[in-house]
K.L.:
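Attaching a single structure in structure tokens format; questions to follow.
Counting starts at 1 for both ligands and their atoms, in listed order.
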Amino acid sequence: MEAIAVKSQAGNRIRLKWELFQSTTNIELIASRFEGLFIDFRSNAKCSSIIFTHQKNTSLDEIIASLYELFEVKLKQIELSLPAANVICGSNKSCSRCEIKEVSKISWRTKLIEFGVLSGYALYIFIKETVLGVALATSPFSLTAIVALVAAIPLLKESLDDIQEGKFTLQTFMGGTLILAVFFGEVTAAFEIIYILRGGMLLEEYIATRSKDEIHKLVELDIQKVYVLQDDVEIEMDIEDIQLGDIVVSRSGEKIPVDGYIQKGSAEINEAVINGRSEPEFKQSGDEVFAGTICEKGRIYTKVTGVGNSTYISRTMKEVEANLALKSNSELEADKLASRLLKLGSVLTVGTFVLTGSFINAFAVMIVMSCPCATVLAASTAISAGISNGAKNGILIKGGDALESVSRAEVFCFDKTGTLTTGKPIVTDILLSEGIKKEELIEYAAIAEYRNSHPIARSIVAYAQEHKIEIDQCTLSEVIPGFGVKAKIDDETILVGNKSLFSKYKISTKEYKSQIAAFLNDGKTVVLVAKEKKLLGVMAFTHEVRPKTREMIQSLRKQGVKHIVLLTGDEEKVASSFASSFSESKEEGNSGFDEVYANQTPHGKAQVIEELKKNYNNVVMVGDGVNDTFAMSKADVAISFAAGGSEAAIAVSDIAITHSHPEDVSYLYTLSKKSLEVVNQNYWLGTGTNLTGVAFASVGLLSPVAAGAIHIGHTVGIMANSSRLAYSS
Ligand code: ADP
Ligand code: MG
């Protein structure tokens with residue numbers, strides 16, 4: 001048994017770790033026995049730890065001695081405590097990253113060592129046979145045969161299982177070939193088969209693990225120590241000991257370790273990791289914060305609502321991982337092709353024997369065809385490498401299917417506000433109804449919009465803050481996607497939104513008719529504010545187009561996208577003035593939209609997508625806010641872009657672009673095309689060499705050993721070709 005470990009000590013506040021603290025009965029026993037001694041007491045059975053503040057009249061040593069006594073543990077039963085387990089990411093002991101790392105670490109090391117030994121033996125064969133010209137023993141009991149058979153144990157076990165289940169699989173074919181090769185004295189060929197197989201599997205795993213690692217790096221919570229407020233004292237704790245309801249302190253420059261609500265303080269928080277927005281957001285008491293985001297300036301006290309596996313970012317990761325495990329279309333195709341090649345292999349082997357009567361020729365054919373694994377690797381390695389490349393560039397691709405669908409996309413639909421324009425529209429004009437002060441108008445609008453993540457809402461709130469207009473009330477407001485918001489303030493109904501919202505509620509906007517028309521002519525978005533059906537005033541906004549949007553559209557078109565669509569809830573005039581700013585310059589290729597749909601409700605956007613799907617292959621929808629999720633769910637590929645903190649948008653998306661750079665959209669398209677190209681090249685490489693090999697082998701121009709060498713060649717070729725993708729940028 002290990003000794004009790006003192007994990008942290010701050011004055012009288014102690015954290016101890018011991019295996020006996022895993023049991024709740026033991027914990028209850030401690031709690032009752034030490035009742036008068038502890039000022040507060042908490043336990044975390046999962047981490048085998050207890051945390052308490054003890055009275056000043058006892059010492060830690062006495063408490064530890066009493067604990068041993070309580071459980072009647074004799075000191076001689078205790079071993080020297082081992083160093084604490086290697087905490088890999090610190091987000092939580094049982095987080096998915098640790099699981100992956102730990103599992104793959106073990107299998108990796110063993111597999112690498114095994115492969116190293118096999119490589120050593122391959123070198124030995126090469127030196128002996130080729131350099132020294134000494135013939136190798138070829139009997140089924142020779143060293144080479146034994147090495148090959150031992151290395152093939154997992155394969156042979158698998159093929160035996162398949163045979164018992166009455167299945168003829170790739171494994172049975174390879175296992176059978178290997179045994180036959182050993183039996184007929186082709187031990188070098190047998191060794192080659194197993195050597196390639198092991199090497200191929202290792203490489204495949206390496207590429208797949210890399211892509212997972214890249215994805216994790218993107219959102220990694222490399223936090224180990226956290227400051228928790230207890231009795232007005234900040235205590236340093238391990239992240240694994242944080243519990244729901246604790247108050248965590250974050251200062252300037254620190255990564256926020258938990259999900260929660262700010263209880264005290266304020267800060268500018270960079271949330272790029274979850275919503276792609278590069279501008280930091282001002283957050284204060286009552287606002288929600290997420291693990292992994294960065295407190296850039298200020299200090300906040302956060303009440304924990306999620307930690308470790310239950311944080312938003314961790315849940316998103318789980319979803320991405322689950323999707324990664326699903327096979328993409330071309331991977332499934334590859335599996336099918338492999339099984340067809342397997343059948344073809346059997347036919348060709350028998351055929352060669354019947355036609356040529358040469359056992360050696362038939363055997364060489366069998367060896368060439370025995371490794372359709374190259375076909376399987378062709379797709380899976382390329383797709384994994386593509387996903388890994390995306391992650392490295394801040395593009396989270398939730399599985400190979402998404403990557404492949406993008407490459408086949410003929411239509412790209414873009415939402416306007418917040419997607420192609422920056423998340424912060426600028427207030428340009430304010431018109432006030434008689435007797436209404438500007439402060440009053442802004443205050444009502446800001447209270448109503450306070451919790452809303454729509455770019456216009458955020459802009460109104462920011463405007464109020466910049467003009468020192470206090471938003472001292474909190475109210476529940478109802479978001480009407482595509483229209484605006486409705487809120488109750490002091491029992492009065494406040495409406496903030498566009499003209500359509502006002503006509504829905506039959507509120508006249510006649511009094512501002514000409515001014516509204518003028519704003520719209522200038523391409524400005526108009527937002528109206530009313531209290532109890534009485535118009536208080538009008539606000540006009542301009543939008544800043546994100547840099548490089550034009551280049552992105554040009555690039556998509558150049559690469560073969562047939563139809564580019566603007567889908568917006570904004571007014572016709574605003575939409576067309578926005579769109580025409582893109583089609584003005586034609587000198588560097590068309591950067592304009594083929595179609596513009598304005599005044600679209602979330603439902604309308606979804607209908608447009610459905611219509612487009614009838615006429616085109618794969619339709620992509622790129623959107624940000626809540627009002628795009630319906631359309632995104634209808635599209636063949638949903639891309640969330642700078643998703644404005646909208647969990648819904650990220651959740652329905654197949655791909656999340658985490659930086660708010662429009663050029664990432666065209667980069668993604670290029671990447672998907674390249675990945676599919678590599679899959680195709682790999683197929684040709686794999687099948688081409690296989691078929692050429694068969695042709696030569698069937699007429700006796702390829703020895704079984706040379707047939708094995710072909711495998712090494714094309715497997716390595718496929719791997720190298722795929723890994724080009726992972727490293728290019
Ligand atoms: P887009 O499709 O371009 O992203 P939205 O569908 O989000 O635009 O919004 C459409 C229009 O609805 C906006 O131009 C604005 O006039 C109005 N609107 C939407 N949400 C709000 C809001 N929270 N406050 C005020 N107006 C809003
Ligand atoms: Mg939008």
K.L.:
For atom 8 (O) of ligand 1, what is the closest protein heavy atom, and at what distance to 0.1 Å?
P.N.:
T417 OG1, 3.5 Å

K.L.:
Under 4.0 Å from a heavy atom of K416: give me the atoms of ligand 1 that qualify, with their elements.
P.N.:
3 (O)

K.L.:
Applying salt bridge (Lys or Arg N to Asp or Glu O under 4.0 Å) as the test, list every pair that has at least one member in residues 510-536; sequence neighbours left out.
P.N.:
D429-K524, E492-K531

K.L.:
Taking the six-membered ring of F630 (Phe, Tyr or Trp), confirm whether the NZ or CZ of K605 is under 6.0 Å from its centre and within 45° of its axis.
P.N.:
no

K.L.:
Looking only at atom types and distance, does a side-chain atom of R557 sit under 3.5 Å from a main-chain N or O of I564, one as donor and one as acceptor?
P.N.:
no

K.L.:
Which residue from F578, F483, F541 reaches closest to atom 18 (N) of ligand 1 through any of its heavy atoms?
P.N.:
F483

K.L.:
Kindly identify the option in V529, D624, D415 whose heavy atom sits closest to atom 1 (P) of ligand 1.
P.N.:
D415

K.L.:
Under a 3.5 Å threshold, yes or no: a donor from one side chain and an acceptor from the other, between T525 and D570?
P.N.:
yes

K.L.:
As a check for students: among M539, E449, H454, identify the option with a heavy atom nearest to atom 24 (N) of ligand 1.
P.N.:
E449

K.L.:
Is the distance between the Mg ion (ligand 2) and the nearest N/O/S atom of T568 smaller than 2.8 Å?
P.N.:
no

K.L.:
Quick test of your reading of the structure: of P481, G569, G604, S459, whose heavy atom lies closest to atom 10 (C) of ligand 1?
P.N.:
G569

K.L.:
For the side-chain contact (heavy atoms from CB on, under 4.5 Å) test, which of Y597, F412, F593 pairs with V565?
P.N.:
Y597

K.L.:
By number and element, which atoms of ligand 1 are closer than 4.0 Å to a non-hydrogen atom of G482?
P.N.:
6 (O), 10 (C), 11 (C), 12 (O)

K.L.:
Closest non-hydrogen protein atom to atom 16 (O) of ligand 1, residue and atom name please, with distance?
P.N.:
N498 CB, 3.2 Å

K.L.:
Closer than 2.8 Å to the Mg ion (ligand 2): does that hold for any N, O or S atom in D624?
P.N.:
yes

K.L.:
Would you sort out whether Q263 and T302 count as a side-chain contact (heavy atoms from CB on, under 4.5 Å), showing the intermediate values?
P.N.:
CA-CA 6 Å; Q263 259 213 338; T302 307; over 6 Å; no

K.L.:
Give the residue, atom name and distance (to 0.1 Å) of the protein heavy atom nearest atom 13 (C) of ligand 1.
P.N.:
I456 CD1, 4.0 Å

K.L.:
Does the structure place the NZ or CZ of K303 under 6.0 Å from the centre of the six-membered ring of Y261, at an angle of no more than 45° from the ring's axis?
P.N.:
no

K.L.:
Using the side-chain hydrogen bond (donor to acceptor under 3.5 Å, both in side chains) criterion, which residues pair with T421? Sequence neighbours excluded.
P.N.:
none

K.L.:
Determine, using heavy atoms of E571 and all atoms of ligand 1, whether some pair is separated by less than 4.0 Å.
P.N.:
no

K.L.:
Has E610 got more than 12 heavy atoms of other residues, nucleotides or ligands less than 6.0 Å from its CD?
P.N.:
yes

K.L.:
Give the residue, atom name and distance (to 0.1 Å) of the protein heavy atom nearest atom 2 (O) of ligand 1.
P.N.:
K605 NZ, 2.6 Å

K.L.:
Are any non-hydrogen side-chain atoms of H467 and I442 less than 4.5 angstrom apart?
P.N.:
no

K.L.:
Within the 4.0 Å heavy-atom shell around G497, which atoms of ligand 1 are there?
P.N.:
25 (C), 26 (N)

K.L.:
For atom 5 (P) of ligand 1, what is the nearest protein heavy atom, given as residue, atom name and distance?
P.N.:
N627 ND2, 2.9 Å

K.L.:
Taking only heavy atoms of T525, which atoms of ligand 1 are found under 4.0 Å from at least one of them?
P.N.:
14 (O), 16 (O)

K.L.:
Nearest to the Mg ion (ligand 2), which N, O or S atom of D415 do we find?
P.N.:
OD2

K.L.:
Does D628 use its side chain to pair, donor to acceptor, with the backbone of D624 at less than 3.5 Å?
P.N.:
yes

K.L.:
Specify the protein heavy atom at minimum distance from atom 21 (C) of ligand 1: its residue, its atom name, and the distance to 0.1 Å.
P.N.:
G484 CA, 3.4 Å

K.L.:
Would you say K499 has more than 12 foreign heavy atoms packed within less than 6.0 Å of its NZ?
P.N.:
no

K.L.:
Could you tell me which atoms of ligand 1, counted from 1 in the order shown, lie closer than 4.0 angstrom to a heavy atom of D570?
P.N.:
10 (C), 14 (O)

